[in-house]
Enquirer: 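One structure follows; several queries about it will come next.
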Amino acid sequence: DLLHASIIVFVIFIHELGHYLMMKKFGYQHVSMFFIPLAGAFVSGQKDKISEKQKSIISLAGPVPGVLLGLIFILLGMNTGISEFI
């Protein structure tokens, strides 16, 4: 239904936004996000030198916010009894 599709689009957007913001923070040039709801998304940019630590942070910046949001919704569902959160 529309609610579940909207949640999926929101989660994908947050995932890609995490990558985008970290790439900007680490000084990537020409950073852009391509996002088509329910079709796909990716972030691209250019940088001559980047450390392994920065690569790791950029990689984790996508899934970590989604996992945290998921945990928050699970806790809300458990504490409120509203099954729509789960």
Side-chain angles (χ1 to χ4, degrees):
D1 66 2
L2 185 58
L3 174 63
H4 290 105
S6 299
I7 290 170
I8 290 170
V9 168
F10 177 72
V11 168
I12 292 170
F13 178 76
I14 294 298
H15 176 100
E16 295 302 329
L17 185 63
H19 295 307
Y20 178 89
L21 293 174
M22 284 299 109
M23 290 173 81
K24 286 291 232 181
K25 177 179 170 65
F26 291 131
Y28 275 68
Q29 300 296 315
H30 312 292
V31 179
S32 63
M33 180 168 46
F34 181 78
F35 182 77
I36 299 175
L38 301 177
F42 71 90
V43 175
S44 64
Q46 300 171 340
K47 187 171 182 185
D48 291 332
K49 292 185 179 185
I50 184 165
S51 70
E52 290 299 316
K53 181 179 178 181
Q54 289 177 345
K55 283 184 195 178
S56 298
I57 292 170
I58 290 168
S59 294
L60 289 171
V64 168
V67 169
L68 293 176
L69 280 172
L71 290 173
I72 289 168
F73 284 128
I74 288 171
L75 290 173
L76 282 171
M78 290 170 52
N79 290 324
T80 63
I82 300 172
S83 63
E84 283 80 19
F85 286 119
I86 300 177

Enquirer: Transitively linked via ILVMFWY side-chain contacts under 4.5 Å: Leu69 with Val64?
Expert: no
Enquirer: Decide if atom NZ of Lys25 counts as having more than 12 heavy atoms of other residues, nucleotides or ligands within a radius under 6.0 Å.
Expert: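 Counting other residues, nucleotides and ligands, NZ of Lys25 stays at 12 neighbours or fewer.
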Enquirer: Which heavy atom in Tyr28 sits nearest to a heavy atom in Gly45, and how many Å separate them?
Expert: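 Smallest heavy-atom distance, with atoms named: CD2-C, 3.7 Å.
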Enquirer: Is there a path of hydrophobic side-chain contacts, each under 4.5 Å between heavy atoms of I, L, V, M, F, W or Y residues, that connects Val67 with Ile72?
Expert: no
Enquirer: Donor-acceptor pairs under 3.5 angstrom involving side-chain atoms of residues 7-23: please list them, not counting sequence neighbours.
Expert:
{"from": "His15", "atom 1": "ND1", "to": "Gly62", "atom 2": "O", "distance (Å)": "3.3"}
{"from": "His15", "atom 1": "NE2", "to": "His19", "atom 2": "NE2", "distance (Å)": "3.1"}
{"from": "His19", "atom 1": "ND1", "to": "Ile58", "atom 2": "O", "distance (Å)": "2.7"}

